[in-house]
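Written out below as structure tokens is the structure these notes cover.
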Amino acid sequence: MKPGRIALFFAAVIAALAAACALFPRDGVEVAGHELYLPPVPPPQHTAPITTLAEISDNSEISEYSEFSEISEKSEYSELSEFSDTSAFLSDTTDLRFWLPDSAFFDAFWAAAGRAQEEGRILRVMHYGDSQIEMDRISCRLRSYMQRTFGGGGPGMLPFRTIIPTYAVRQYATGDLTHLSSFGDSTVSRSPGNYGPMMQCFRLGGSANVTLRETQKKGADDRIKRFSDVRLVYNNRGTALRATLTDRTTKQQFALEEGNTGIGSLRWALDSASSNLALSVSGSAELYALTLDNGPGVAVDNIPMRGCSGQQFTLVPLDRLTQAYAQLDVGLIILQFGGNSMPYLRDEKAISKYCTSIGRQIDHVRRACPQAKVLFIGPSDMSTRVRGQLQTYPQLPAVVDSLAATAVRHGAAYWSIYHAMGGLNSMIQWKKEGLAGEDYIHFTTRGAELMGDRLAEALATSYRRYLLRNRFAEAQ
């Protein structure tokens with residue numbers, strides 16, 4: 001057959017299929033007890049490259065959530081001064097880009113962060129999440145903002161041995177260590193509640209060593225590359241627990257005598273910041289966490305929990321989790337979950353059951369760490385194929401709304417990555433611009449960093465308004 005006729009044949013087939021798709025009933029037809037659908041012909045799309053998140057969508061219903069241009073202090077103060085009661089100004093949670101239990105929700109945290117350097121505190125922001133935050137993604141941008149604003153340094157909290165690599169620090173551990181985790185696949189060892197503040201730990205049954213070195217990631221914030229304050233959080237099993245920290249200039253050793261049991265921490269304060277440390281331990285204990293910080297200020301911890309739906313916190317008994325948090329000065333706990341459950345939340349009953357469980361998790365964390373504020377971050381936009389068309393999971397908007405209501409009802413704030421992306425079907429555009437992966441679920445590194453900046457901007461707006469309200473109150 002001649003090439004021209006072949007081309008004509010294919011053109012005719014394509015035209016016939018297009019006509020069938022255009023004329024086929026959108027609701028499908030029933031054939032032998034089964035519903036048959038043909039994908040509709042999509043209208044032509046003309047998309048511009050993403051330069052800011054505000055440009056992702058023109059949908060008026062979500063535009064108020066996706067406008068992230070900064071408002072100057074002058075205009076904001078002018079608007080604020082029109083209110084005799086400043087709480088009226090801050091009650092608009094969409095303007096603040098948070099759902100809040102009350103307008104002054106973050107005030108105690110901002111006050112503590114503002115005093116941290118003066119008081120010599122290391123105030124912690126603990127960022128839990130699923131695989132969206134792995135390798136210090138999203139958290140790294142939040143950390144940069146917090147430490148640039150309030151001081152502090154270092155990469156924050158780490159497990160004793162790296163399970164998932166992180167850009168924040170290079171870490172190498174050897175020795176008699178058994179990994180225990182509340183999450184992960186069936187090959188991971190479980191433990192009856194002995195997980196600590198990272199929802200995992202390493203059981204020490206002899207001796208072990210870990211070396212810690214500065215990150216080599218290009219473009220990493222210089223503030224995370226040196227550490228002068230090191231802490232080991234543990235649950236001692238009753239034997240003599242010994243730990244020695246060494247850097248280029250010093251060697252410091254701690255020893256707990258036999259019979260000293262329970263949850264505690266060892267802290268090393270170095271005379272000068274180091275970028276290369278070694279820690280050796282011996283004994284029998286669960287090693288809950290290491291913290292690497294530098295100077296007073298704010299520390300931001302990246303705690304990824306791959307495959308997790310956010311329902312693991314109640315697996316740690318309240319008394320143990322309370323004792324573990326007591327070893328740390330925690331001001332804000334961020335829980336970022338929902339994406340792993342999204343494919344299974346197909347009706348109102350499933351959504352309600354999941355949100356009820358999330359409410360229990362928030363209550364558990366708040367009881368274990370009552371001085372900390374809790375911020376819940378729900379799922380991003382995620383795409384699936386429905387009748388052959390790639391689109392947002394049908395139940396995702398309802399899940400976002402339900403999680404927001406649940407968080408506020410249980411005394412936590414809520415921030416919506418879904419709205420920050422641009423709302424319905426925004427993941428498709430993010431993928432086109434190289435900000436999301438082939439699965440239409442996970443961000444690329446560039447997308448995660450951009451989203452980290454959006455979260456930092458939202459918190460920065462909250463802090464700026466906290467300062468303005470204080471100034472207004474003083475002026476009054």
Side-chain angles (χ1 to χ4, degrees), residues 53-54 56-57 61-70 90-110 113 125-130 132-133 137-146 300-303 310 331-339 341-342 355 358-359 361-362 365-366 372-382 396-423 426-427 430 443 447-466:
L53 290 183
I56 294 174
S57 176
E61 292 183 0
I62 57 85
S63 62
E64 61 184 340
Y65 297 97
S66 61
E67 292 172 357
F68 285 95
S69 58
E70 291 197 10
L90 293 187
S91 64
D92 182 0
T93 57
T94 61
D95 191 37
L96 272 179
R97 302 187 285 279
F98 291 100
W99 283 258
L100 300 173
D102 60 83
S103 61
F105 178 79
F106 286 116
D107 284 12
F109 171 71
W110 294 131
V125 175
M126 302 183 70
H127 187 184
Y128 296 92
D130 52 29
Q132 284 281 33
I133 73 167
R137 304 185 327 154
I138 298 180
S139 307
C140 67
R141 310 299 282 192
L142 177 60
R143 183 185 302 112
S144 292
Y145 162 71
M146 288 290 181
V300 177
D301 308 321
N302 174 256
I303 309 175
L332 176 64
I333 295 175
I334 302 174
L335 309 176
Q336 183 175 337
F337 298 101
S341 294
M342 193 58 245
C355 288
I358 290 299
Q361 308 307 310
I362 293 173
V365 170
R366 290 186 64 216
K373 296 298 180 181
V374 177
L375 168 62
F376 195 94
I377 299 178
S380 65
D381 187 39
M382 299 165 57
L396 200 153
V399 171
V400 170
D401 290 344
S402 296
L403 283 172
T406 297
V408 171
R409 189 165 57 249
H410 288 266
Y414 186 86
W415 190 69
S416 174
I417 278 187
Y418 171 75
H419 287 103
M421 290 178 68
S426 55
M427 178 57 78
W430 277 60
F443 298 127
E449 290 179 350
L450 185 58
M451 189 50 67
D453 288 339
R454 299 301 93 186
L455 175 58
E457 285 182 30
L459 286 166
T461 298
S462 173
Y463 179 56
R464 186 165 63 248
R465 295 189 175 185
Y466 160 77

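Side chains included, hydrogens not; waters and symmetry mates left out as well; all remaining heavy atoms used.
- The two atoms that bring Cys355 and Ser402 nearest to each other are SG-CB, 3.5 Å, heavy atoms only.
- Across Ser380 and Met427, no two heavy atoms sit closer than the pair OG-CE, 4.1 Å.
- Side-chain atoms of Gln336 do not come within 3.5 Å of backbone N or O of Gly378 as any donor-acceptor pair.
- A donor-acceptor pair under 3.5 Å is formed between the side chain of Trp430 and the backbone N or O of Met421.
- Trp99 has its side chain out of reach of Trp415: every pair of non-hydrogen atoms, C-beta onward, lies at least 4.5 Å apart.
- Under the salt bridge (Lys or Arg N to Asp or Glu O under 4.0 Å) criterion, Arg141 pairs with Asp453, sequence neighbours left out.
- Contact of the Pro379 side chain with the Leu403 side chain is registered, since non-hydrogen atoms from C-beta on lie closer than 4.5 Å.
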### Message
I'd like to know whether His127 forms a side-chain contact (heavy atoms from CB on, under 4.5 Å) with Leu332, so could you lay out the CA-CA distance, the side-chain angles of the two residues, the decisive distance to 0.1 Å, and finally the verdict.
### Response
CA-CA 8 Å; His127 187 184; Leu332 176 64; over 6 Å; no
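- The heavy-atom pair separating Ala456 from Tyr145 by the smallest distance is CB-CB, 3.8 Å.
- Residues Phe98 and Leu459 form a side-chain contact, since some pair of their non-hydrogen atoms from C-beta on lies under 4.5 Å apart.
- For the pair Leu396/Met342, a side-chain contact is recorded, criterion being any heavy-atom separation below 4.5 Å from C-beta on.
- Contact check for Ile334 versus Leu142: side-chain heavy atoms found under the 4.5 Å cut-off.
- Atoms CD and CZ, from Gln361 and Phe337 in turn, are 9.0 Å apart once rounded to the nearest 0.5 Å.
- With Ser144 contributing its side chain and Cys140 its backbone, the two residues share a donor-acceptor pair below 3.5 Å.
- In this structure a side-chain-to-backbone donor-acceptor pair under 3.5 Å is present from Asp381 to Ser426.
- No side-chain donor-acceptor contact under 3.5 Å links Ser341 to the backbone of Gly338.
- A distance of 10.0 Å separates CE in Met146 from OH in Tyr463, rounded to the nearest 0.5 Å.
- Side chains of Trp110 and Lys373 form no contact here, defined as non-hydrogen atoms less than 4.5 Å apart.
- Note on ring orientation: taking the six-membered ring where Trp is involved, the planes of Tyr414 and Phe376 are parallel (angle under 30°, cut-offs 30° and 60°).
- Judged by distance alone, with hydrogens and angles left aside, the side-chain atoms of Arg137 form no donor-acceptor pair with the main-chain N or O of Gly447 at under 3.5 Å.
- Under the side chain to side chain contact (heavy atoms under 4.5 Å, CB included) rule, Leu335 has a single partner from Ile358, Ile303, Ile377, Ile362, which is Ile362.
- In this view, Ala413 and Leu100, Phe105, Phe106, Leu375 satisfy the side-chain contact (heavy atoms from CB on, under 4.5 Å) rule, not counting sequence neighbours.
- Side-chain contact between Asn302 and Arg143 is present, with heavy atoms from C-beta onward closer than 4.5 Å.
- Between Ile417 and Met451, some side-chain heavy-atom pair lies under the 4.5 Å cut-off.
- Across every non-hydrogen atom of Ser416 and Val400, the tightest pair is OG-CG1, 3.7 Å.
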